[in-house]
Amino acid sequence: MAETTAPPPTPAVPLAALLAQGELGLRQIAGPERSDAVVHWVHTSEMADPYPYLLGGELLLSAGVLLEDPDTYVARSVAAGAAALGFGVTPVYDTVPAGLVEACDRHGLPLLEVGTYCGRSTILLADAARAAGVTAVTVDHHRGSEEQQEGWEYHDPSLVDPEAGRMDTLPSFRRTLHRAGLEDHVVAVVGRSPQIARLWQTPLGLVFIDGGHTDEHANGDYEGWAPRVADGGLLVIHDVFPDPADGGQAPYRVHRRALASGAFTEVSVTDSLRVLRRTGPGI
Ligand SMILES: C[S@@+](CC[C@H](N)C(=O)[O-])C[C@H]1O[C@@H](n2cnc3c(N)ncnc32)[C@H](O)[C@@H]1O
């Protein structure tokens with residue numbers, strides 16, 4: 001019960017050691033930067049309030065199924081002695097809810113995103129490709145976007161190649177595909193998006209744009225790949241935030257551009273994900 005504050009008689013693992021294991025796909029996104037938290041055990045719970053069942057020292061895993069009030073949830077997890085919170089992105093949330101990030105910062109609880117960006121969307125697309133009997137192609141230079149570089153919000157030092165001194169997400173991406181058993185359904189093309197787009201001729205049934213989030217890169221992706229979307233095919237754009245308070249505006253501008261072109265019609269909106277269908281020529 002939560003009133004018990006003594007940690008369980010299991011060997012403690014420093015949270016930092018878990019974070020350093022790249023293959024676990026954990027990334028700390030809130031809470032004390034240099035946490036000395038130690039994890040005694042890992043528990044999953046989708047209860048709205050797991051407080052009565054926590055003994056202390058847990059890495060508590062949740063996908064936020066019943067998450068309603070992040071502040072109360074985090075405050076009570078801290079009161080029960082939880083060591084850290086691991087939040088699983090997809091299937092319930094596409095990204096970790098901002099309210100949860102703020103609450104963990106406020107209450108000093110390390111918050112880990114579970115499910116790294118090194119292949120997360122690819123495995124969903126590859127799974128769909130497998131079901132449809134087609135192949136998914138991913139394009140990435142694997143050097144990370146602007147916001148993933150050192151000193152930026154989404155930097156993950158475990159993804160830096162020490163020899164090159166640069167980000168290298170390719171090994172982690174390959175592990176993700178391997179673990180998901182989807183290697184046979186994906187072709188990974190390593191390189192710069194506009195350069196590859198110039199070489200690409202095959203019409204595509206679906207294009208998912210989630211690359212660099214500056215205007216230059218987002219427009220480059222659109223101009224390079226949208227022309228290849230087949231008649232009736234889908235153009236999917238991630239991180240579309242009409243309100244600047246929610247995030248960068250470049251993908252939103254590209255989304256508006258696609259609609260204004262008359263070539264695409266919106267078919268669905270899920271959080272920041274917009275799905276458009278080609279209903280006319282051009283871009
Ligand atoms: C937001 S992450 C993609 C996340 C991915 N969709 C997922 O869910 O795991 C953006 C990726 O775009 C790549 N990128 C950014 N600009 C690029 C460019 N010009 N050409 C190729 N890849 C690029 C980065 O290396 C980074 O891995």
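Numbering of ligands and ligand atoms starts at 1, following listing order.
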Should Glu147 be counted as touching ligand 1, given the test is an N or O pair under 3.5 Å?
no
Among side-chain atoms of Thr265 and Thr279, is any donor-acceptor pair under 3.5 angstrom?
yes
Min heavy-atom dist Gly220 to ligand 1 below 4.0 Å
no
Contact region, His217 to ligand 1, non-hydrogen atoms below 4.0 Å, reads side chain
Out of Ser172, Gly212, Gly144, indicate the one that has the non-hydrogen atom closest to atom 16 (N) of ligand 1.
Gly212
Report the part of His238 (side chain from C-beta onward, or backbone N, CA, C, O) that has a heavy atom under 4.0 Å from ligand 1; answer both or neither where that applies.
neither
Please say whether Asp210 places an N or O atom under 3.5 Å from an N or O atom belonging to ligand 1.
yes
So for ligand 1, is Phe208 a polar contact partner (N or O within less than 3.5 Å, distance only)?
no
Per the ring pair (Phe, Tyr, Trp, His ring centres under 6.0 Å) rule, which among His142, His141, His178 passes with Phe173?
His142
Listed once per pair and sorted, the ring-ring contact (aromatic ring centres under 6.0 Å, His included) pairs that draw on residues 239-283, sequence neighbours left out
none
Backbone or side-chain N or O of Asp140 under 3.5 Å from ligand 1 N or O
yes
Sub-3.5 Å N/O-N/O distance, Arg192 and ligand 1:
no
